[in-house]
**Student:** 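Provided herewith is a single structure, encoded as structure tokens, for subsequent inquiry.
Chain letters run A, B, ... following the sequence lines, proteins first, then strands; residues in each count from 1. Fair warning: this is a prediction, and the values are worked out from it, not measured in the lab.
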2 protein chains.
Amino acid sequence: MNEQKRPRMADIAREARVNRITVSRAFSNPELVAKETLERIHAAVAKTGYIPNQIARGLKADHSNIVSLVTPAYMSGVYGQIVEQLSGLLYRSGLVVNLFPVQDVEGHLNVVLRELAGWRPAAIVLFGATLTEESQQIIRNARMPVVELLNYSESSGTSSVGYDHRLAASLLTSHLLDQGYRKICYIHSARAANIINADRLAGFTEAIRVAGGPILLRSERDQTNNQQQMAPRDHICGIELKSTTAFHAGFELMGKLANWENRPEAVLFASDMVAVGALQYCLVNGIAPGKDIGLCGFDGIELTSVMRPQLTCLDFPYQRVIAEGARQILARATDQSTSDEHIRIPVAVLHRETT
Amino acid sequence: MNEQKRPRMADIAREARVNRITVSRAFSNPELVAKETLERIHAAVAKTGYIPNQIARGLKADHSNIVSLVTPAYMSGVYGQIVEQLSGLLYRSGLVVNLFPVQDVEGHLNVVLRELAGWRPAAIVLFGATLTEESQQIIRNARMPVVELLNYSESSGTSSVGYDHRLAASLLTSHLLDQGYRKICYIHSARAANIINADRLAGFTEAIRVAGGPILLRSERDQTNNQQQMAPRDHICGIELKSTTAFHAGFELMGKLANWENRPEAVLFASDMVAVGALQYCLVNGIAPGKDIGLCGFDGIELTSVMRPQLTCLDFPYQRVIAEGARQILARATDQSTSDEHIRIPVAVLHRETT
DNA sequence: TTGTAAGCGTTATCAT
DNA sequence: ATGATAACGCTTACAA
């Protein structure tokens, strides 16, 4: 396979009886090349199936039209939509998006970051990754524009568009308290290699503390065959979940919560998918969400409004993240000197039927 | 911003008082470098924040450890899981995965393909893209290993691991017929720039024809504010849906189907998400799936088993796609001479409660 | 409008 | 164990 050698620019040049540089120009500045010459070149390209070597091009140019997004390996909910639309917008501006999925594994982020930076993309876009000191070093050393999306941060050296997840969690928790719920359980991922998760947890505990409530931690590492019984007064419950079974995890977890001696009055879920699973459990088992128990999602993926009763969650205008994000990326990819900008997207509680 | 120049290998060499080539070796063959020298080099790297330029490296080496996946811009259901796990497996073999999302827009695939091929990845992985003659040309000219995932194909020049979507659709349709359903409606995306969708449609019509039924086409371009009323005897209904509103689309479409004069006895959905939306409509509106109407999903995303009643769909062992896919990619990325291989993953109908 | 010369940052090959 | 030299395929700067 692949016996024949790949054609190079020199081959096109010979074929079209011009200098290599003219072929180069035909690609980058066709308006500078005579129409007839252009045609010969195009013919030669078509005939040989020439594909310009971006690597060689990049070596000289030291920039590319690729925007690299660093994302969680499993892109659930809003992530997928944001990537889809962002990619569409940037494409229209001549940029090609590529994603580097990061495993939730020690060190993977740094490996990816280093590799990616070595390819000198036009810009690096981060999706709620937790940046260790080392990660930040890498980013700084890369000396290329970095935009953080989804979480609002004021860290210098990177721009950001997103909302304050701490505040958001706090708002949702306060909402539950306002509705009269007292014993509130927070369900989040126990493996929180993600700044967003950490911020949300902080927001929850803060709101509970402000309300004078005790915070009782519990981490359930394996919710399928767990030995430990949950204690009746737990407020916070971290579950270690495979992202690919979030719905089931929510379903099963709700089963346990419902059977606690001292069942929580409301549950706040850091993941909409887990929340939907839990909602479904309630529906099947005759527990009326919004009456018998309060259920609250987070970002507000599409499903939260398709399910009946509809899940209370955040009113999060993620379209603004896309629009502002695209604008920032474009500006920074084009003009390296653009300075940092931090845009906070406002969120509110979308009070629906489950609370 | 980014004032200072990025350090290069020569800078490290000077700093560590060695030749450039020794620095190079320190990265690629550290065992050939004296321990002490290695330390000086590492110190210099740490001090300057040097990041090897993959572009320059690639120019000389003409290969990289990057595997590029060409995926739909919005990765729903199983796609996401496959990418996540595949990326994990390949990472353990020293390969870094990056995704190129393709918009469902004329020509975008070819733009992406050409760009991507120019970066000379170790392998190209295709996710159910419809390859035009031009796309195939590009792939052939790229002269690099190509693996098609998710759809079984026997096209030469690329390996493949997947199932036969035509057969699958046919199986599901036959299942519905076997259950006694006669008036069966098939709901699929009207914009089918995707070989998978085309195959599924073919499988459905084939099964209906074999059973002696008439095929009645209808394409509904805009299901939110459509002028045309659907005809009562339609068998096939293509809906043009924004991928980000699949659940709602299913919900609303089911509302229409349910109110046809001559309501279909069963509905086969090419998208699980649309199917779940439809199921939810039935639940809310007192239509009993499996009794009043047959509902059938496709791939079998997690939700199909969390919803009650559980959705009938395919029993699709996608883990095998991941395992076999990773094996093939690895073999081809490592050894360019590996020959084509076509693996057909068997599927069966998972008869559940909605049929 | 087209061409010449030089060099982008790395590694393969061959020395020492 | 380390070094010198010559590429890799393209583009920038300048020249004609």
**Student:** Just to confirm, is there a sub-4.0 Å distance from OP1 or OP2 of dG9(D) to any side-chain nitrogen or oxygen of Y50(A)?
**Tutor:** no
**Student:** Return the nearest nucleotide to the side chain of R20(B); candidates are dT10(C), dC8(C), dT12(D).
**Tutor:** dT10(C)
**Student:** When the nearest nucleotide of DNA chain D is assigned to T22(B) and to A61(B) on a heavy-atom basis, which residue is associated with the more 5' position?
**Tutor:** T22(B)
**Student:** How many whole angstroms separate atom CD1 of I55(B) from atom C1' of dC10(D)?
**Tutor:**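 Value for this atom pair: 12 Å.
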**Student:** Nearest whole angstrom, please: distance from the C1' of dA1(D) to the CZ of R40(B).
**Tutor:** 12 Å
**Student:** Is the shortest side-chain N to carboxylate O distance from R114(A) to E134(A) below 4.0 Å?
**Tutor:**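 Looking at R114(A) and E134(A), the cut-off is met.
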**Student:** Given dC8(C), dC10(D), dG3(C), identify the nucleotide with an atom nearest to the side chain of A56(A).
**Tutor:** dC10(D)
**Student:** Just by distance, no angles: are the side chains of S64(A) and R120(A) close enough, under 3.5 Å, to form a donor-acceptor pair?
**Tutor:** no
**Student:** Counting just side-chain N and O atoms, does T37(A) come under 4.0 Å of either OP1 or OP2 of dT2(C)?
**Tutor:**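 True: T37(A) side-chain N/O within range (under 4.0 Å) of dT2(C) OP1/OP2.
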**Student:** How close or far is atom C1' of dC10(D) from atom CG of N53(B), stated in whole angstroms?
**Tutor:** 14 Å
**Student:** Do Q103(B) and Y91(A) pass the side-chain hydrogen bond (donor to acceptor under 3.5 Å, both in side chains) test, and can you show the C-alpha distance, the side-chain angles, and the key distance before you say yes or no?
**Tutor:** CA-CA 9 Å; Q103(B) 300 287 325; Y91(A) 169 56; over 6 Å; no
**Student:** Using a strict cut-off of less than 4.0 Å between a Lys/Arg side-chain nitrogen and an Asp/Glu carboxylate oxygen, indicate whether R327(B) and E341(B) qualify as a salt bridge.
**Tutor:**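 Looking at R327(B) and E341(B), the cut-off is met.
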**Student:** Provide the closest heavy-atom pair for G58(A) versus I55(B) in the form atom of the first, atom of the second, distance.
**Tutor:** C-CG2, 3.8 Å
**Student:** Quick one: E39(B) CD to dA1(D) P, roughly how many Å, whole number?
**Tutor:**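 Between P of dA1(D) and CD of E39(B): 15 Å.
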**Student:** For I138(A), which of I124(A), L131(A), L113(A) qualifies under side chain to side chain contact (heavy atoms under 4.5 Å, CB included)?
**Tutor:**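 So the option named by the test is L113(A).
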**Student:** Within this structure, what is the CD1-to-C1' distance between I21(B) and dT2(D), rounded to whole angstrom?
**Tutor:** 10 Å
**Student:** Grab the CG-P distance between D11(B) and dT10(C) for me, whole Å please.
**Tutor:** 9 Å
**Student:** Do E148(B) and T158(B) get their side chains close enough for a donor-acceptor pair, meaning under 3.5 Å?
**Tutor:**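 Yes - a donor-acceptor pair under 3.5 Å links their side chains.
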**Student:** OP1 or OP2 of dA4(D) versus the side-chain N and O atoms of N19(B): is any pair under 4.0 Å?
**Tutor:** yes
**Student:** Let me know, please, whether K60(B) or K60(A) comes out on the 5' side of the other along DNA chain C by nearest nucleotide.
**Tutor:**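 So the residue in question is K60(A).
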**Student:** Which of residues 23-36 of chain A sit near DNA chain C, with a heavy atom under 4.0 Å from it?
**Tutor:** R25(A), L32(A), V33(A), A34(A)
**Student:** May I have the distance from R6(B) (atom CZ) to dC8(C) (atom P), rounded to whole angstrom?
**Tutor:** 14 Å
**Student:** What is the separation between atom CG on L59(A) and atom P on dC8(D), rounded to the nearest whole Å?
**Tutor:** 13 Å
